[in-house]
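Working notes, structure below.
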Amino acid sequence: MKRQFLCLSRSAFLPGKLKGAVVAIGNFDGVHRGHQIVLQCALDKARELGRPAIVLTFEPHPRTVFSPNESVSRLTSPDEKAEIFRLMGFEAVIEQAFTWEFAACTAGAFVEDILCGRMKVSSIVIGDNFYFGYKRQGSPDFLQQIGKKIGLSINIVDSVKDRDGQVISSSRIRTLLQHSAIEEASELLGYHHTVSAEVVHGSAFGRILGFPTANMALTSQKNLALGIYAVRFRCPDGKIYDGVASFGHRPTVNETVEPVLETYIFDFSSDLYGKICSVSFFSFLRGEKKFDNLDLLIAQMHRDEAKARAVLEKIRPLSILDRNFTFENKFSSCFSVIYTNYLTLS
């Protein structure tokens, strides 16, 4: 993805081509199926009005500001979220800096000064559980009322439930991933769970064993269960390869303190060091295990490879988004990421 990154200060406005946009607002961590209904509503509204469609989200995650001592386990990084927004058809994502100063902004000021004054939006779309502004003053009901007052179109989308009648949420998906239920988590996401990181140098022990790996340090990834997975690996040029990945501490050799993601990419031999790549997870094969000797480890790695190949031969996209994100990854250069500092002096 070729990101056009613009930075706007307190005195700046959006580019002219984005004026009068329909905006979907939310944190959208994971961009799961519930989020996708909200986002699709915004796209449909924009098409109906002949307006651009944009997303307004917040970085860093508000919980990192309110609870700095508690780590926030993200399902998607800002880059991954932006990629999904692009693939869905949005023209831009606005990443509003979430600071204490911004958190002190009243709900009314957020709507009238920022959304209407600076962004000049024509319509707002949110989920029914989205609250905003100082002390969460901005409820969906508040937004409906202020919309009627100032003549702004407001669309509130009901929470989406799964087949068992449970609301789809980011916290549920995190729990599923932590318990190795990768297929169930991906079903709620509407696409296969994916992580992105830089490929770094490792011990090269996998190469000695006959299984050279692309190593990634997922410092903020707290959701994933330790173990072996059938995966797809996406290179920066968009090419996608099948593989088998280990996420863990390497208990048999060179044990690490922090878990490392090591992917053995099938039928691949190029140099990826220093490049940002992505891994999509399709099936949990087994848990992490310490072997008594290297021969037992190598034998198990061959079995893992065979099982992963068998699983990946049968995979199908979960949705159109999944096809584009995990199976094809269509590129476009007409998408912009805009970082705003509306309430912070530059």
Side-chain angles (χ1 to χ4, degrees), residues 4 6 8 12-59 62 81-98 102 105-134 136-160 168 190 320-321 332 334-340 342-343:
Q4 301 175 35
L6 306 177
L8 303 182
F13 295 83
L14 290 184
K17 68 176 184 177
L18 299 179
K19 293 288 178 63
V22 174
V23 60
I25 310 174
N27 288 319
F28 299 122
D29 185 32
V31 200
H32 56 60
R33 283 174 46 209
H35 295 149
Q36 290 166 35
I37 298 298
V38 176
L39 295 163
Q40 190 57 53
C41 178
L43 289 167
D44 293 343
K45 189 71 175 179
R47 193 174 301 110
E48 173 190 332
L49 298 176
R51 302 280 189 171
I54 63 177
V55 181
L56 173 60
T57 188
F58 309 97
E59 293 296 339
K81 284 199 299 184
E83 177 75 346
I84 294 173
F85 298 149
R86 178 185 71 81
L87 289 170
M88 288 190 70
F90 286 91
E91 295 185 39
V93 56
I94 300 169
E95 296 174 358
Q96 166 63 43
F98 197 91
F102 181 75
C105 177
T106 66
F110 177 68
V111 174
E112 297 189 50
D113 296 346
I114 295 179
L115 296 179
C116 295
R118 297 194 183 282
M119 294 174 60
K120 308 221 179 277
V121 302
S122 62
S123 183
I124 296 171
V125 182
I126 63 169
D128 62 3
N129 61 352
F130 177 72
Y131 289 77
F132 61 96
Y134 180 64
R136 292 166 58 88
Q137 299 167 336
S139 66
D141 286 342
F142 170 86
L143 193 56
Q144 289 280 26
Q145 292 169 12
I146 198 171
K148 290 178 182 179
K149 174 185 173 183
I150 63 178
L152 182 65
S153 170
I154 306 296
N155 303 269
I156 313 296
V157 180
D158 292 337
S159 296
V160 177
I168 297 173
I320 294 175
L321 173 61
S332 170
C334 58
F335 183 85
S336 53
V337 178
I338 302 172
Y339 181 83
T340 68
Y342 282 136
L343 295 179

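Heavy atoms only: backbone and side chains are in, while hydrogens, waters and symmetry mates are out.
- Residues Ala42 and Ala24 share a closest heavy-atom pair of CB-CB, 3.8 Å.
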Give the C-alpha distance, both sets of side-chain angles, the deciding distance and a yes or no for side chain to side chain contact (heavy atoms under 4.5 Å, CB included) between Lys81 and Arg86.
CA-CA 9 Å; Lys81 284 199 299 184; Arg86 178 185 71 81; over 6 Å; no

Val38 vs Phe130, test: side chain to side chain contact (heavy atoms under 4.5 Å, CB included). Steps then yes/no.
CA-CA 11 Å; Val38 176; Phe130 177 72; over 6 Å; no

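- Ring geometry, Phe98 versus Phe102: the interplanar angle exceeds 60°, so the pair is classed perpendicular (tilted spans 30 to 60°).
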Can Gln145 and Asp141 be said to form a side chain to side chain donor-acceptor pair (under 3.5 Å), step by step?
CA-CA 6 Å; Gln145 292 169 12; Asp141 286 342; 5.9 Å; no

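- At least one side-chain heavy atom of Thr106 sits under 4.5 Å from a side-chain heavy atom of Gln137.
- The shortest heavy-atom contact between Val125 and Val22 is CG2-CG1, 4.1 Å.
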Starting from the C-alpha separation in whole Å, work towards a yes-or-no answer on side chain to side chain contact (heavy atoms under 4.5 Å, CB included) for Val157 and Asp128.
CA-CA 6 Å; Val157 180; Asp128 62 3; over 6 Å; no

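- Side-chain contact between Glu59 and Gln96: absent, with no pair of heavy atoms (C-beta onward) separated by less than 4.5 Å.
- Smallest separation of non-hydrogen atoms from Arg136 and Tyr131: NH2-CD1, 3.4 Å.
- For OH of Tyr134, the number of neighbouring non-hydrogen atoms (other residues, nucleotides, ligands) closer than 6.0 Å is 12 at most.
- Residue Ile94 holds its CD1 atom at 11.5 Å from CZ of Phe85, rounded to the nearest 0.5 Å.
- Distance NZ/Lys45 to OG/Ser153: 4.0 Å, rounded to 0.5 Å.
- A donor-acceptor pair under 3.5 Å is absent between the side-chain atoms of Thr57 and the main chain of Glu95, judged by distance alone.
- How far CD1 of Ile154 is from CG of Leu143: 4.0 Å, rounded to the nearest 0.5 Å.
- Residues Phe28 and Val55 approach most closely at CE1-CG1, 3.7 Å, considering heavy atoms.
- Counting all heavy atoms, side chain and backbone alike, Ile124 lies closest to Leu115 at CD1-CD1, 3.5 Å.
- Rounding to the nearest 0.5 Å gives a distance of 10.0 Å between NE2 of His35 and CD1 of Ile168.
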Should Val111 and Ile150 be marked as a side chain to side chain contact (heavy atoms under 4.5 Å, CB included) after you check the CA-CA gap, both sets of side-chain angles, and the distance that decides it?
CA-CA 10 Å; Val111 174; Ile150 63 178; 4.1 Å; yes

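- Contact detail for Glu112 and Ile146: the closest heavy-atom pair is OE2-CD1, 3.6 Å.
- Inter-residue side-chain proximity for Ser123 and Leu152 is flagged as unmet; no heavy-atom pair is nearer than 4.5 Å.
- Once rounded to the nearest 0.5 Å, the distance linking CD of Glu91 with CD1 of Ile54 reads 9.0 Å.
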Take Asn129 and Ser159, measure what side chain to side chain donor-acceptor pair (under 3.5 Å) needs, and give me the verdict at the end.
CA-CA 7 Å; Asn129 61 352; Ser159 296; 4.5 Å; no

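- The shortest distance between side-chain heavy atoms of Ser139 and Gln144 does not fall below 4.5 Å.
- Ring geometry for Phe58 against Phe110 counts as tilted: the plane angle lies between 30° and 60°, on a 0 to 90° scale.
- Distance check: Gln36 CD to Leu43 CG gives 11.0 Å after rounding to the nearest 0.5 Å.
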